[in-house]
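Before anything else, here's the structure in question.
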Amino acid sequence: MAKQKTAYVCNDCGAEHSQWQGQCSACNEWNTLSRISLGAAKSTPDSRQFRKAGYAGTNSPVQTLADISLDEQPRFSTSLGEFDRVLGGGLVPGSVVLIGGNPGAGKSTLLLQLICKLSQQMETLYVTGEESLQQIGMRAKRLGLPADKLKMMAETNVSEITAAAQSHHPKVLVVDSIQVMHNTEVTSAPGSVSQVRECAAWLIQYAKQTNTALFLVGHVTKEGSLAGPKVLEHMIDCFLMLEGGEDGRYRTLRGHKNRFGAVNELGIFAMTETGLKEVLNPSAIFLARTEEISPGSLVTVLWEGTRALLVEIQALVDSSQFGNPRRIAVGLDHNRMAMLLAVLHRHGGLFMADQDVFANVVGGVKVGETGADLALLLAIVSSFRSRALPRELVVFGEVGLAGEIRPVPSGQERLQEAAKHGFTRAIVPKANAPKQPVKGMEIRAVSKLSEALDALEEI
Ligand code: TYD
Ligand code: MG
C-alpha cells in the first residue's frame, strides 16, 4: 500500500510546508500549522459524475480565444438591486460566490431572502448545516417570503448535497456554511483546513460542471479574515463581505474579489424587523446631520465603484495633556492623517504638535480613497479654530506632500450628487472644476493648500 502523504498547511495564509514548525515561514504567524492528508485529494469527485453535455471538464480540446462561444452565460438578476451591483450586474451561471461576515451580520437572512425570490422563477436549493429547517421556516414566514417553491435540505455531507442537487437540478444552490460541511473520505474534523478545502473543491466542481450558481457562506475569524485557508479565496469566483456598521443597523456588502466585475462596488442594506432592506439612497442616511453644525464637521463625497456617496467627516482638536499628542482616526487611515497634519504645518502654517487630533467618519463608513484628504484637513482646521463651516458646503480632493491639491476620479459626478442633496457650495481641486457650471452650485477650484485655506476664510 502506498504511504499516506501528509503536509502542514497554515490556517491563516494557506501556505504548505513539508514538516511541522512553530511559525509559518510564509506569513510569520505562530501556531497556525495544521496537518492535512494529501491522500484526500483522491476523494474529489470523478469529473464525469457531474458532467453535462457541452460543458468543458477534463480532456478539453485546445481552442483559440476567438473560437470560444460567448452566447451562453447570460447574467440573471438576484432580485436585489444592491446585490446585483456588487456582483457586477447580476449572477453568472456556474459562478461560485463566497459570502463572509461576522456572526449575526445577516448572511443567512440575506441569502434566504434572495433565494426565496429566485425560487419563483427557477429551480433552487437551500442547504443548511447550521440551523434547523424549522428555524428557517419560521424566519421565512415572519419575513413574509414566498415559501412554496424553494427546496430545502438540512445536510452537512457534501456528497449527499451534490446527489440531491443532481436529482433536482437547481440553477441556484446555497450552502450555509462551508465550515460545517464534511466529506466522509477526509478524516479531519469539519472546519479544519483539509475539510474546508476538500468540501469547497467538491461543491465548486459540481457548480462548474453543471453550470449552477453556487453561494457559499464562510465564517470569519476574529481578525476579520476568512476562517480556513486562504486557498479558499483562490478557488472561488467572487468573495463578498457583509459587514455591520457601528450602530448595527446598516450592513455593507463589499466585493473583495470578483472575476466578473469590479471589486470596489458597495451595496448597502438596512437590517429591519422584516429582514434586510436595500438602501437605495445611502447618502441620505449618512447625512442625517444635527440642526446646528458644530466646528469640525464637514461633508465630503466619496466615489464607491459606480456611484457617489456623501459622508460627514468630524474632527476634534484639543490641547494635549501629555507629552505625546494623540492622533486617532476612526474610519480613516491614521498614517494618512499624520501625513496630512505634517502638510498642514509645513504648507498651511498651522502648528498642531501640542494638540490631540481625533477624526471620525459618521455612520461607520470606512474611507479607502484619498479623495477625502482635503475635507479631513479642513475639518481639522475648522475644529482648531472653533469655527463651524456652512451646512451647504461640500469638499473633496487629494492632498499631496508639497501642499498641492490633486484631482480625484469622477469629479463631475461627485458634484452632481452633492447638488442633488442640496449642497450649494463646493471646494474642489482645480483639475476637477467642471467645464459647464453645475446647476445651483457655487464652486471654488483650488490648486494649493493655501488657496483652500483662503477659500475657507472667505466662506
Ligand atoms: P443571520 O442571518 O442569522 O446572521 P448570520 O447568518 O450572518 O450569522 O442574522 C441574524 C441577525 O439579524 C440577528 O442578530 C438578528 C438580525 N435580524 C433582524 O434584525 N431582523 C430580522 O428580520 C432577521 C431575520 C434578523
Ligand atoms: Mg447564519
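Both ligands and their constituent atoms are indexed starting at 1 by order of listing.
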**OP:** Could you check atom 3 (O) of ligand 1 against the protein and tell me its nearest heavy-atom contact, residue, atom and distance included?
**Re:** Arg139 NH2, 3.4 Å

Subject >> Distance from atom 4 (O) of ligand 1 to nearest protein heavy atom, with residue and atom >> reply: Gly106 N, 3.2 Å

Subject >> Identity and separation of the nearest protein heavy atom to atom 13 (C) of ligand 1 >> reply: Gly104 O, 4.5 Å

**OP:** Give a yes/no answer: is there an N/O/S atom of Ser108 under 2.8 Å from the Mg ion (ligand 2)?
**Re:**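 For Ser108, the answer is yes, given that an N, O or S atom comes within less than 2.8 Å of the Mg ion (ligand 2).
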
Subject >> Nearest protein heavy atom with distance in Å, relative to atom 6 (O) of ligand 1 >> reply: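 That would be Ser108 OG, 2.6 Å.
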
Original post:
Does Lys107 pair with Asp176 as a salt bridge, N-O distance under 4.0 Å?
Top reply: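 No, Lys107 and Asp176 are not salt-bridged.
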
**OP:** Please state which part of Lys107 comes within less than 4.0 Å of ligand 1, counting heavy atoms only: side chain, backbone, both or neither.
**Re:**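 The answer is both, backbone and side chain.
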
Subject >> Nearest protein heavy atom under 4.0 Å from atom 11 (C) of ligand 1, yes or no >> reply: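 Answer yes: something from the protein, a heavy atom, is under 4.0 Å.
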
Original post:
Taking 4.0 angstrom as the limit, do Arg414 and Glu417 come out as a salt bridge?
Top reply: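 Salt bridge flag = no for Glu417 with Arg414.
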
**OP:** Indicate the ring-plane relationship of Phe83 and Phe215, choosing parallel, tilted or perpendicular according to the 30° and 60° boundaries.
**Re:** perpendicular

Subject >> Numbered atoms and elements of ligand 1 in range of Leu143, under 4.0 angstrom, heavy atoms >> reply: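 Those atoms are 22 (O).
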
Subject >> Pair Glu243, Asn102: side-chain N/O donor-acceptor within cut-off below 3.5 Å >> reply: no

Original post:
So is Arg142 close enough to ligand 1, meaning a heavy atom under 4.0 angstrom away?
Top reply: yes

**OP:** Give the minimum heavy-atom separation between Val186 and Gln195, together with the two atoms involved.
**Re:** O-NE2, 3.1 Å

**OP:** Count the heavy atoms belonging to other residues, nucleotides or ligands that lie under 6.0 Å from NE2 of His17, then report whether that count exceeds 12.
**Re:** yes

Subject >> Any side-chain heavy-atom pair of Leu143 and Thr109 under 4.5 Å >> reply: yes

Original post:
Is there a heavy atom in Thr272 that sits closer than 4.0 Å to ligand 1?
Top reply: yes

**OP:** Compute the minimum heavy-atom distance from Pro103 to ligand 1 and say whether it is under 4.0 Å.
**Re:** yes

**OP:** Consider only side-chain N and O atoms of Thr424 and Glu392, and report whether a donor and an acceptor are under 3.5 Å apart.
**Re:**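 Checked: Thr424/Glu392 side chains show no N/O donor-acceptor pair below 3.5 Å.
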
Original post:
Are Lys151 and Glu123 ion-paired here, with the side-chain N under 4.0 Å from a carboxylate O?
Top reply: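 Counted as a salt bridge, because a side-chain N and a carboxylate O are separated by less than 4.0 Å.
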
**OP:** Please report which non-hydrogen protein atom sits nearest to atom 17 (N) of ligand 1, along with the residue it belongs to and the distance in Å to one decimal place.
**Re:** Met271 SD, 3.5 Å

Original post:
Which of the atoms in ligand 1, numbered in the order shown and given with their element, are less than 4.0 Å from a heavy-atom of Glu273?
Top reply: 21 (C), 22 (O)

Original post:
Quick one: nearest non-hydrogen protein atom to atom 9 (O) of ligand 1, plus distance?
Top reply: Thr109 OG1, 3.4 Å

